[in-house]
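Beneath this line is the structure, given in structure tokens, with notes to follow.
Every chain is numbered from 1, with letters handed out A, B, ... down the list of sequences.
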Amino acid sequence: MLTSPSFDRTDKLLAWYDRHHRILPWRVTPTEQMRGAKPDPYRVWLSEIMLQQTTVEAVKSYFTAFVERWPDIEAMAKASEDDILRAWAGLGYYSRARNLKKCADLVATQYSGKFPASTAALKELPGIGDYTSAAIAAIAFGEPAAVVDGNVERVISRLFAIDTPLPAAKTQIRALMGDMTPPARPGDFAQAMMDLGATICTPRRPACAICPINEGCKALGEHDPEQFPRKAPKAQKPVRTGAAFIAIADDGSILLRKRKGEGLLAGMTEVPGSGWTARIDGDASIEAAPFPAGWVASGVITHVFTHFELRLSVYSARNIARHTAEDGWWSAPEELGGEALPTVMKKAITAAIPGAFKQQAKRH
DNA sequence: GAGTCGTGGGT
DNA sequence: TACCCAAGACT
């Protein structure tokens with residue numbers, strides 16, 4: 001008799017997930033769910049925001065620290081945005097942290113501390129778009145939503161050998177994902193597709209021989225799976241220059257200030273510098289100094305952002321009197337690690353003060 | 001649809 | 001080395 005290929009695939013993938021799912025701090029395993037445990041919408045939401053364009057390994061320690069400090073939405077709503085930004089520092093894409101706080105406030109006040117359960121309502125919340133709304137609805141609330149992230153795009157574009165390049169193919173991919181998603185266990189199915197993409201159907205050298213749904217994979221049968229998904233070539237990134245000034249007081253404190261606006265690194269902490277942007281070079285010379293002092297060239301650091309590369313000339317001066325600074329604040333050496341300093345700023349400070357940030361060993 | 005928005009790891 | 005890429009959202 002005829003069997004439905006899509007049902008076969010869905011069934012096989014769920015069976016594979018039951019045996020081979022990754023163990024992750026935010027995940028409730030199939031076994032735990034069978035014993036009655038349910039995913040906490042707050043933890044699902046927090047993990048999904050952190051995971052946007054960010055590797056699982058990078059997220060783990062941040063997620064653990066966040067849920068320890070803010071165990072529920074009410075706790076996070078009580079926190080200040082600056083507290084959130086300090087805890088988020090280093091994870092990147094800082095608008096996520098600002099939207100995290102906005103969303104926590106909204107859910108706490110407008111939804112009585114309970115996340116709305118549908119993709120449509122979730123998508124209205126700040127920082128929650130097509131992917132995240134579907135992921136939360138499927139994982140936390142059992143809605144059979146089509147969860148499409150980069151992994152799913154890759155898996156489906158290979159299964160069906162989709163020649164349309166991304167992102168134009170996204171509508172078609174979402175429809176196909178919707179067809180495959182089962183009414184039962186939609187959250188596990190979504191996570192199964194993502195685990196498959198992360199561990200088997202990888203961007204390069206996919207392990208097709210051990211793929212649980214390799215049967216009927218069009219890319220495997222007729223093409224080179226590695227050639228999917230098709231993507232438009234990306235533009236090269238320009239190189240920008242600028243200057244950063246490390247003003248050091250007699251007790252070792254460093255002068256910091258807060259970045260304004262809503263764009264790059266908005267709301268984060270920085271050292272004084274020239275006004276570089278993604279599009280415009282800043283003054284890389286000592287003339288950009290915030291005030292006269294015995295500035296000494298302390299090297300040039302390079303930092304690569306998503307769409308441009310920044311070369312910062314770093315200058316430092318010691319024994320600066322505190323009243324010299326007109327704005328900002330002085331941060332003592334032992335407080336520096338707790339500031340909302342993005343990585344590019346930590347690099348600049350380290351160029352002038354090699355021991356400023358003692359790296360703590362990561363446990364694996 | 002195309003830009004903007006971080007960072008670290010892998011090849 | 002110089003790329004590529006990772007559970008995208010927002011404008």
Side-chain angles (χ1 to χ4, degrees), chain A residues 21-22 24-27 43-63 85 88-100 102-103 122-136 138-140 145-155 165-171 174 177 187 189-199 202-205 226 229 231-239 259 261-268 277-279 302-310 340-347 359 362 364:
Chain A
H21 62 82
R22 290 179 288 175
L24 302 170
W26 48 85
R27 179 173 282 177
R43 294 167 62 95
V44 174
W45 163 71
L46 179 59
S47 65
E48 292 300 345
I49 300 297
M50 287 184 165
L51 286 162
Q52 289 168 4
Q53 293 291 287
T54 307
T55 58
V56 163
E57 282 309 311
V59 166
K60 282 181 179 173
S61 63
Y62 282 87
F63 177 81
L85 287 176
W88 195 278
L91 201 53
Y93 286 136
Y94 298 100
S95 67
R96 292 184 297 173
R98 288 181 265 124
N99 284 330
L100 195 76
K102 287 184 193 170
C103 186
L122 286 162
K123 201 178 161 184
E124 296 299 313
L125 295 168
I128 299 181
D130 287 332
Y131 162 77
T132 305
S133 60
I136 297 173
I139 296 169
V147 180
V148 179
D149 75 326
N151 290 302
V152 173
E153 288 176 350
R154 184 170 57 257
V155 171
L166 289 171
K170 200 156 184 177
T171 302
R174 189 177 295 111
M177 183 62 176
F189 179 76
Q191 293 176 92
M193 286 285 280
M194 293 189 278
D195 276 21
L196 187 77
T199 63
T202 50
R204 285 174 301 255
R205 297 178 55 115
E226 208 166 304
K231 284 185 182 177
K234 50 187 65 175
Q236 66 174 39
K237 44 188 72 174
V239 177
R259 288 176 66 88
E262 300 185 341
L264 187 73
L265 308 179
M268 299 298 285
T277 72
R279 292 179 169 276
T302 295
H303 188 77
V304 181
F305 293 96
T306 305
H307 51 300
F308 72 103
E309 179 178 323
L310 180 64
L341 288 164
T343 298
V344 60
M345 292 300 156
K346 288 188 175 178
K347 283 187 188 176
Q359 65 281 16
K362 283 183 184 173
H364 286 290

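- Summarising the geometry, the separation between CG on L166(A) and C1' on dG1(B) is reported as 14 Å, rounded to the nearest angstrom.
- The W26(A) side chain lies nearest to dA7(C) when the options are dA7(C), dA9(C), dG8(B).
- Here V147(A) lies out of heavy-atom contact (under 4.0 Å) with every strand.
- Protein atom CD of Q52(A) is 16 Å distant from nucleotide atom C1' of dC5(C), rounded to whole Å.
- Looking at heavy-atom distances under 4.0 Å, G197(A) makes no contact with the nucleic acid at all.
- For DNA chain C, no neighbouring residue in residues 90-100 of chain A is found when judged by any heavy atom under 4.0 Å.
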### Message
Between H307(A) and K237(A), is the side-chain hydrogen bond (donor to acceptor under 3.5 Å, both in side chains) condition met? List the steps.
### Response
CA-CA 5 Å; H307(A) 51 300; K237(A) 44 188 72 174; over 6 Å; no
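- Regarding contacts with the backbone of dT7(B), a side-chain N or O of T343(A) is found under 4.0 angstrom from either OP1 or OP2.
- When rounded to the nearest whole Å, the span between CG of L85(A) and P of dT7(B) equals 13 Å.
- Put simply, CZ on R204(A) is 11 Å from P on dG10(B), counting in whole angstrom units.
- Side-chain atoms of T54(A) stay outside donor-acceptor range of the base of dG8(C), with no qualifying N/O pair under 3.5 Å.
- Using a 4.0 Å heavy-atom criterion, one finds that S47(A) contacts no nucleic acid atom at all.
- dG3(B) and dC4(C) have their P atoms separated by 16 Å, given to the nearest Å.
- Between the side chain of S133(A) and the main chain of D130(A), a donor-acceptor pair closer than 3.5 Å is present.
- For dA6(C), the OP1/OP2 oxygens have no side-chain nitrogen or oxygen of Q53(A) closer than 4.0 Å.
- Nucleotides dC10(C) and dG1(B), compared at atom C1', are 13 Å apart to the nearest Å.
- Rounded to whole Å, the separation between the P atoms of dG8(B) and dA9(C) comes to 22 Å.
- Listed nucleotides: dA9(C), dG6(B), dG8(B). Nearest to the side chain of T55(A): dG8(B).
- Side-chain atoms of D195(A) never come within 3.5 Å of backbone atoms of H21(A) as a donor-acceptor pair (strictly under, hydrogens ignored).
- The nearest heavy atom of DNA chain C to E48(A) and to K234(A) marks one nucleotide each, and the one closer to the 5' end goes with K234(A).
- Heavy atoms of L24(A) sit under 4.0 angstrom from at least one base atom.
- Rounded to an integer number of Å, the gap from L196(A) CG to dA6(C) P is 13 Å.
- Phosphate proximity of dT7(B) to H303(A): present, with a side-chain N or O under 4.0 Å from OP1 or OP2.
- Spacing between atom CE of M50(A) and atom C1' of dA7(C) amounts to 13 Å, rounded to whole angstrom units.
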### Task
Applying side-chain hydrogen bond (donor to acceptor under 3.5 Å, both in side chains), run through T302(A) and E309(A) and close with a yes or a no.
CA-CA 7 Å; T302(A) 295; E309(A) 179 178 323; 4.7 Å; no
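- Residue order along DNA chain B, read from the 5' end via each residue's closest nucleotide, puts A278(A) first among A278(A) and K347(A).
- At the heavy-atom level, V304(A) lies under 4.0 Å from base atoms of the strands shown.
- Taking every side-chain heavy atom of L265(A) into account, dG6(B) is the closest of dT4(B), dG8(C), dG6(B).
- F305(A) and F308(A) have parallel rings, their planes meeting at less than 30° on a 0 to 90° scale where 60° marks the start of perpendicular.
- In this structure, NE2 of H307(A) is placed 17 Å from P of dC4(C), rounded to the nearest angstrom.
- Nucleotides dC5(B) and dA7(C), compared at atom P, are 23 Å apart to the nearest Å.
- The base of dG6(B) sits with one of its N or O atoms less than 3.5 Å from a complementary donor or acceptor on the side chain of T306(A).
- Here P126(A) lies in heavy-atom contact (under 4.0 Å) with sugar-phosphate atoms only.
- The distance between atom NZ of K231(A) and atom C1' of dA2(B), rounded to the nearest whole Å, is 16 Å.
- Contact annotation: R154(A) side-chain N/O to dA6(C) OP1/OP2 distance is under 4.0 Å.
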